[in-house]
Enquirer: 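Sending over a structure as structure tokens; questions will come in a sec.
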Amino acid sequence: MAKNKPEGYLSARESRRISRENRKITAKMEKKRKRKKVPESEYLTEMRDKNNAVEFDNLHTYFFTDAGVVKSVDGVSFEVPIGKTVGVVGESGCGKSVTSLSLMQLLQRPQGQVVEGAIRINLDDKAYDVTKMPDVQLQKLRGNFVSMIFQEPMTSLNPVFRIGAQLDEVISLHDGDGKSKEDIKKRTIELLEMVGIANSEGVYRMYPHELSGGMRQRVMIAMALACNPRIIIADEPTTALDVTIQAQVLDLLRNLKDKINSSIMFITHDLGVIAEMADYVVVMYAGRVVEKGTADDIFYHPSHPYTIGLMASKPVVGKQVDKLYSIPGKVPNPINMPDYCYFKDRCDMCTEQCSGEYPKEISLSETHKVSCYRYTEGGKKEGGEE
């Protein structure tokens, strides 16, 4: 009698078959990406709104693994307006970081690929679709127009090089034309002082392990701002920091954004940080945007059951509870996503329609949009916002 196979079990033969198929798909995509002398007309595009710095339009980013295709980002659409901060919030594994890495085109290739959709970036006189750009052109955008503050400064900084050498390299690569070594060092010292490091000359000669977590994070911010980028991606820049240092880093980012008139895409799972920093909020769940709007829309009128659950799970000052709320259940398997609403199995506000296809985006106001059947004609009997 055959043993029962556990859920998600794959035989070696099946895994090899999936791997062969994936290699064919990714090889075709890589061949297209590695072409030389790609005409500009292929990646030239137009912004839907000239006031946006970046537009994500139906973005699909998949990882082709030996166990199957992981749909990390599955049809994400939102905008980052010029001079504004957009907070992207959601639990771990919902696709926040992969969305930002798709913009930078720093996905782990060949497994990670943008398979559909567009990411339009505004360069004032023209606009490019990042997903179709060759690597040579992308290198000119990274650092100069788009830069990223990575999640963990200790793993992002090279442990065998001094802080000064690492910052000097960024400036010489992206903004080094006509600059001597002394000019580059002077600019590095300026950057270290700009991010609030008092002993800038001393830190310039130090190694990463000689600095505290907050100091390393400041160095990463200095590195990201080295070329005055128009778009800053801050991927959980305050996660490992204590509350006082966290407040300093947020103030620093806010002041520097206004100083160089850039836009920030702020990725975090901390709703308190989002409330303090963001002008607009995008709530992601299982690779999709479930709700988006202004900060006031999301915090005062949360509409999707997942957003309502997130709000209920955060501690409130002055309110005593025995136990914080936690959303029941677990996220569906990204390799085998259901054909109905991804949150249905964890939701206690379901309507009869929730067993149908994934809900379409519904406008609750000019700025507030949600993907939930509770706001369709058939679901309105559930009544207002809970």
Side-chain angles (χ1 to χ4, degrees), residues 32-33 38-61 73-88 95-107 113-148 174 224-225 227-235 257-267 277-284 288-289 291-295 297-298 360-361 363 365-369 371:
K32 191 176 180 182
R33 282 194 62 86
V38 179
E40 189 184 52
S41 58
E42 266 196 40
Y43 51 89
L44 202 60
T45 185
E46 282 191 20
M47 302 298 290
R48 193 169 285 169
D49 183 348
K50 298 282 185 186
N51 296 316
N52 290 332
V54 181
E55 292 174 350
F56 293 88
D57 188 2
N58 193 33
L59 179 69
H60 291 72
T61 303
V73 175
D74 194 18
V76 163
S77 299
F78 66 92
E79 301 80 36
V80 181
I82 294 169
K84 301 291 183 184
T85 299
V86 175
V88 184
K96 306 185 299 291
S97 295
V98 175
T99 302
S100 66
L101 290 170
S102 300
L103 170 56
M104 293 287 282
Q105 288 295 293
L106 292 176
L107 296 163
Q113 298 284 348
V114 174
V115 298
E116 192 184 331
I119 305 172
R120 294 184 286 272
I121 184 166
N122 191 349
L123 306 178
D124 289 339
D125 54 333
K126 54 188 171 183
Y128 286 155
D129 182 351
V130 172
T131 62
K132 295 174 183 171
M133 287 181 74
D135 291 341
V136 179
Q137 293 298 323
L138 272 168
Q139 189 62 28
K140 295 174 185 175
L141 284 186
R142 292 190 196 116
N144 298 62
F145 289 93
V146 189
S147 67
M148 190 166 183
H174 296 282
L225 301 178
C227 305
N228 295 331
R230 298 186 187 187
I231 301 134
I232 301 164
I233 302 166
D235 189 1
K257 175 184 82 86
D258 296 335
K259 196 173 180 181
I260 62 178
N261 192 31
S262 60
S263 310
I264 296 181
M265 182 176 160
F266 202 101
I267 296 165
M277 285 288 293
D279 300 300
Y280 298 92
V281 180
V282 175
V283 183
M284 287 186 69
R288 293 205 177 189
V289 173
E291 188 171 357
K292 59 186 176 184
T294 63
D297 288 335
I298 302 299
K360 291 181 170 61
E361 191 174 80
S363 294
S365 71
E366 201 172 307
T367 55
H368 195 182
K369 300 181 191 304
S371 297

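Residue numbers start at 1 and run along the sequence shown. Computed from a predicted model, the values in this text were never measured in an experiment.
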Enquirer: Using the side-chain hydrogen bond (donor to acceptor under 3.5 Å, both in side chains) criterion, which residues pair with Gln113? Sequence neighbours excluded.
Expert: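 Scan of Gln113 (side-chain hydrogen bond (donor to acceptor under 3.5 Å, both in side chains), adjacent residues dropped) gives Glu30.
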Enquirer: Test of understanding: with side-chain hydrogen bond (donor to acceptor under 3.5 Å, both in side chains), list the residues that count as partners of Asp124, not counting sequence neighbours.
Expert: Arg230
Enquirer: Assess whether a salt bridge exists between Asp57 and Arg48, defined as any Lys/Arg side-chain N lying under 4.0 Å from an Asp/Glu carboxylate O.
Expert: yes
Enquirer: In this structure, which one of Asn52, Val130, Thr45 forms a side-chain contact (heavy atoms from CB on, under 4.5 Å) with Ile121?
Expert: Val130
Enquirer: Looking at Glu40 and Lys126, does any basic side-chain N land under 4.0 Å from a carboxylate oxygen?
Expert: yes
Enquirer: According to ring pair (Phe, Tyr, Trp, His ring centres under 6.0 Å), who are the partners of Tyr43, at least two apart in sequence or on a separate chain?
Expert: Tyr128
Enquirer: Going from OG1 on Thr99 to CE on Met104, what distance comes out if it is rounded to the nearest 0.5 angstrom?
Expert: 14.0 Å
Enquirer: In Å and rounded to the nearest 0.5 Å, what is the NZ to CG distance from Lys132 to Leu44?
Expert: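 The CG atom of Leu44 is 11.0 Å from NZ of Lys132, to the nearest 0.5 Å.
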Enquirer: Indicate yes or no: at least one non-hydrogen side-chain atom of Thr294 is less than 4.5 angstrom from one of Asp279.
Expert: no
Enquirer: So, Lys369 and Ser363: side-chain donor and acceptor under 3.5 Å apart, yes or no?
Expert: yes
Enquirer: Measuring from atom CG of Asn228 to atom CG of Asn144, what distance do you get when rounded to the nearest 0.5 angstrom?
Expert: 10.0 Å
Enquirer: Is the closest side-chain heavy-atom distance between His174 and Gln139 below 4.5 Å?
Expert: yes
Enquirer: Roughly how far, to the nearest 0.5 Å, is the CD1 atom of Ile233 from the CZ atom of Phe266?
Expert: 13.0 Å
Enquirer: Who pairs with Phe145 by ring pair (Phe, Tyr, Trp, His ring centres under 6.0 Å), at least two apart in sequence or on another chain?
Expert: none
Enquirer: CG/Asp297 to OG/Ser365 distance, rounded to the nearest 0.5 angstrom?
Expert: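 One finds 4.5 Å between CG of Asp297 and OG of Ser365.
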Enquirer: Looking at Val54, Ile82, Ile231, Val80, which hits side-chain contact (heavy atoms from CB on, under 4.5 Å) with Asn122?
Expert: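 So, applying the side-chain contact (heavy atoms from CB on, under 4.5 Å) to Asn122 and each of Val54, Ile82, Ile231, Val80, only Ile82 qualifies.
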Enquirer: When you compare the side chain of Met265 with that of Phe56, does any pair of heavy atoms fall below 4.5 Å?
Expert: yes
Enquirer: Suppose we screen for side-chain hydrogen bond (donor to acceptor under 3.5 Å, both in side chains). Which residues come up paired with Ser102, at least two apart in sequence or across chains?
Expert: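 side-chain hydrogen bond (donor to acceptor under 3.5 Å, both in side chains) list for Ser102, sorted by chain: Thr61.
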Enquirer: With sequence neighbours excluded, tell me which residues meet side-chain hydrogen bond (donor to acceptor under 3.5 Å, both in side chains) with Lys360.
Expert: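 Lys360 satisfies side-chain hydrogen bond (donor to acceptor under 3.5 Å, both in side chains) with Glu357 only.
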Enquirer: Less than 4.5 Å apart, side chain to side chain, heavy atoms only: is that true for Leu106 and Arg142?
Expert: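 They are in contact (side-chain heavy atoms under 4.5 Å apart), so the answer is yes.
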